[in-house]
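Chain letters run A, B, ... following the sequence lines, proteins first, then strands; residues in each count from 1.
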Amino acid sequence: MPELPEVETIARGLRRAIVGAQILAVEVRKPKMAQAPAGLDFSAALRGECIEAVERRAKYVVIALGSGRRLLTSLRMTGRLVVQAPGERDFPATYVVLDLSDGRRLAFADTRTFGRMRLIEPNEAWDAEIGPEPLERAFTGERFGAILAKRRTPIKALLLDQRRVAGIGNIYACESLWLAGIRPSRPAGSLRGPARERLRRSIIDVLERAIEMRGTTVDDYVDAEGLKGGFQNALAVYGRLGEGCLRCGSPIRRTVIAGRGTWWCGQCQR
DNA sequence: CCGTTGCCCTGCCAGC
DNA sequence: TGCTGGCAGGGCAACG
């Protein structure tokens with residue numbers, strides 16, 4: 001499930017691989033997965049574009065194009081964005097293929113077809129509603145405090161809300177709350193002082209360590225080279241129902257918050 | 001405005 | 001063995 005660390009890993013891999021390449025041809029095999037602004041044809045608009053940069057914003061891979069347009073990719077749960085050598089076989093469920101000038105291909109595959117590519121006009125403020133990047137300087141204690149203040153929603157639900165903080169998904173929400181020793185159901189606004197600062201630092205720490213280990217592969221995730229991540233071996237709570245807490249030994253519990261499975265330690269998360 | 005619920009979609013797996 | 005139902009979940013729409 002690509003979240004911030006996985007998307008960051010993919011974006012870094014793509015940056016090395018495809019910046020400077022030109023898009024020669026585009027094949028869309030499932031039209032709903034390749035969206036363009038009104039009046040534009042996705043394939044025709046991309047044909048001939050140069051790839052100038054690859055960035056990440058929240059859980060989106062952002063490919064900056066010569067025209068000033070941008071190609072966004074949202075991988076959702078099972079999406080893959082992989083660079084393939086000439087003649088290499090398709091991944092299963094490959095739905096959009098960009099043929100590059102050097103013969104390689106950028107393939108977008110997704111078994112569950114929840115993922116999307118979306119072409120964005122140069123001046124479109126597509127990320128106006130998305131919250132601050134937790135690994136940037138602007139994610140200060142003061143800013144985090146303002147985001148949590150007076151919110152009665154469970155802190156776990158708030159962390160998953162991309163309008164509040166960018167890039168955190170279910171795995172890293174669970175892991176950050178465990179590291180900070182905070183119960184996932186706690187009202188966001190009840191976190192103040194040291195607990196709130198512990199959570200902010202835990203979010204940053206967990207995301208940075210996960211990026212170092214090239215993300216978490218639970219089942220599907222692979223990076224731009226098709227390689228699995230390593231952080232699944234460092235998970236403290238996610239998916240560990242009934243196993244011992246790494247801090248206190250009591251069994252990890254599972255509940256549902258905001259419609260998502262939530263793993264946590266009833267003993268040391270308060 | 002705010003917060004919650006349901007839907008999209010397929011693969012996997014426990015249970016019968 | 002083969003089927004079925006439940007679960008996995010990011011982002012969005014609909015609802016109260």
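- Salt-bridge check for A/R105 with A/D90: passed, with a basic side-chain N closer than 4.0 Å to an acidic carboxylate O.
- The pair A/R29-A/E27 meets the salt-bridge criterion, since a charged nitrogen lies less than 4.0 angstrom from a carboxylate oxygen.
- The listed nucleotides are B/dG11, B/dC9, C/dG11; the one nearest the side chain of A/R76 is C/dG11.
- Counting any heavy atom pair closer than 4.0 Å across all strands shown, A/R151 reaches sugar-phosphate atoms only and no base atom.
- OP1 or OP2 of B/dC9 lies within a sub-4.0 Å distance of a side-chain N or O belonging to A/K32.
- The phosphate of B/dG11 has neither OP1 nor OP2 within less than 4.0 Å of any side-chain N or O from A/R112.
- A/I257 has its CD1 atom 15 Å from the P atom of B/dG3, to the nearest Å.
- Per the geometry, CE belonging to A/M77 stands 15 Å off P belonging to B/dC7, to the nearest Å.
- Side-chain nitrogen and oxygen atoms of A/Y172 include none within less than 4.0 Å of the OP1 or OP2 phosphate oxygen of C/dG9.
- Protein atom CD1 of A/I168 is 12 Å distant from nucleotide atom P of C/dG11, rounded to whole Å.
- Residue A/G261 is in sugar-phosphate contact alone, with no base atom involved, counting any heavy-atom pair closer than 4.0 Å across all strands shown.
- If you check C/dG9, B/dT4, B/dC9 against the side chain of A/N170, the one that comes closest is C/dG9.
- Under 4.0 angstrom from either OP1 or OP2 of B/dT4 there lies at least one side-chain N or O belonging to A/T153.
- Under a 4.0 Å N-O distance rule, the pair A/R143/A/E136 does not qualify as a salt bridge.
- If you measure from atom NZ of A/K30 to atom P of B/dC8, you get 14 Å, rounded to the nearest angstrom.
- When rounded to the nearest whole Å, the span between CD1 of A/I147 and P of B/dG3 equals 13 Å.
- Checking B/dG3, B/dT4, C/dG9 against the side-chain heavy atoms of A/R164 singles out B/dG3 as nearest.
- A/E133 and A/R56 are joined by a salt bridge, as a carboxylate oxygen and a charged side-chain nitrogen come within less than 4.0 angstrom of each other.
- One can find a donor-acceptor pair under 3.5 Å joining the base of C/dG10 and the side-chain atoms of A/R260.
- Residues A/F144 and A/F139 bring their aromatic ring centres within 6.0 Å.
- In this structure, A/M117 places its CE atom 20 Å from P of C/dG10, rounding to the nearest Å.
- Between the CD atom of A/Q162 and the P atom of C/dG9 there is a distance of 14 Å, given to the nearest Å.
- Atom-to-atom, NZ of A/K150 to P of B/dG3 comes out at 13 Å; the value is rounded to the nearest Å.
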